[in-house]
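Shown next, in structure tokens, is the structure this report addresses.
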Amino acid sequence: MSQTSKSYEKIWVTIDQIPDGKVASYGQIADLAGLPGRARLVGKSLRFVPPDRNVAWYKVLRSNGQIAFTKGSEQALLQTGLLQEHGVMVLNNRVKLAEFQWQPDLGELLFGLQY
DNA sequence: GTATTGACTTCAT
DNA sequence: AATGAAGCCAATA
């Protein structure tokens, strides 16, 4: 097992903890996964997600609430649709973080990370 | 081994 | 609000 694949695992597990209707930023996920400063690694890892693993990549946004893809791109539109299906309002390629950013409490984190 | 790239973030214009 | 530079670090070439 390489160190990096373990990091990916932690990232994916962390993303799995984001409840429906909430979102998180790349940096936030990196921090919660025990990888402070590795925001870009989170983005990387999402390209490496195996197909058989369901990771809610669409709940991960930039630190300012914007979708990471170019506005109008196919991926951005897809992500927008998925977010809205899950109860997150998306306006002009952005989410209002004040309302929708995930604020994890200790209970949720411990429950998720024990696996 | 060096160089470039990017699903990022922050600070400064 | 918009844009750009710098910092960042693992993956690629």
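Atom set for the values below is all heavy atoms of this structure, side chains included, hydrogens, waters and symmetry mates excluded. Quick note on labels: first sequence line is chain A, next is B, and so on, each numbered from 1.
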| message | Quick check for you: to the nearest 0.5 Å, what is the distance between A:Lys6 atom NZ and A:Leu35 atom CG? | response | 12.0 Å

| field | By side chain to side chain contact (heavy atoms under 4.5 Å, CB included) - contacts of A:Ala24 (at least two apart) | value | A:Ile18, A:Gln28, A:Ile29, A:Trp102

| Atom CD1 of A:Ile15 and atom P of B:dA7: how far apart are they, to the nearest Å? | 15 Å

| query | Rounded to the nearest 0.5 Å, how far does CZ of A:Phe48 lie from CG of A:Leu41? | reply | 9.5 Å

| message | Can you confirm whether A:Pro50 sits close enough to A:Tyr8 that some side-chain heavy atom of one is under 4.5 Å from a side-chain heavy atom of the other? | response | no

| Where does the chain A footprint on DNA chain C start and end, counting 5' to 3' with a 4.0 Å heavy-atom cut-off? | C:dG7 to C:dT12

| query | So, do A:Gln79 and A:Leu82 sit near enough that their side-chain heavy atoms are less than 4.5 Å apart? | reply | no

| query | What does A:Leu46 touch in the nucleic acid at a heavy-atom separation under 4.0 angstrom: a base, only the sugar-phosphate, or nothing? | reply | base

| query | For every nucleotide of nucleotides 8-13 of chain B, 5' to 3': is a protein heavy atom under 4.0 Å from its base (B), only from its sugar-phosphate (S), or from neither (-)? | reply | BSS---

| Is there a side-chain contact between A:Val42 and A:Thr14, using heavy atoms and a 4.5 Å cut-off? | no

| What is the distance from atom CG of A:Leu97 to atom NZ of A:Lys22, rounded to the nearest 0.5 Å? | 10.5 Å

| task | Check every strand shown and say whether A:Tyr58 touches a base, only sugar-phosphate, or nothing at a heavy-atom separation below 4.0 Å. | result | nothing

| query | What is the distance from CD of A:Gln75 to C1' of B:dA7, rounded to the nearest Å? | reply | 8 Å

| remark: Whichever of A:Arg94 and A:Tyr8 has the more 5' nearest nucleotide on DNA chain C, that residue is A:Arg94

| Does the side chain of A:Asn64 come within less than 4.5 Å of A:Arg94's, by heavy atoms? | yes

| Gap between atom CG of A:Asp20 and atom NZ of A:Lys59 - 0.5 Å precision | 4.5 Å

| note | ring-ring contact (aromatic ring centres under 6.0 Å, His included) filter on A:Phe100, not counting sequence neighbours, yields none

| said: Which is more 5' along DNA chain C, the nucleotide nearest A:Phe48 or the one nearest A:Gly37? Just name the residue. | reply: A:Gly37

List the atom pairs, donor and acceptor, that lie under 3.5 Å between side-chain atoms in residues 67-78 of chain A and the rest of the protein, sequence neighbours left out.
from, atom 1, to, atom 2, distance (Å)
A:Lys71, NZ, A:Asn92, OD1, 2.5
A:Ser73, OG, A:Thr70, O, 2.9
A:Ser73, OG, A:Ala76, N, 3.2

| remark: So, with a heavy-atom separation below 4.0 Å from DNA chain B, the residues of residues 81-93 of chain A are none

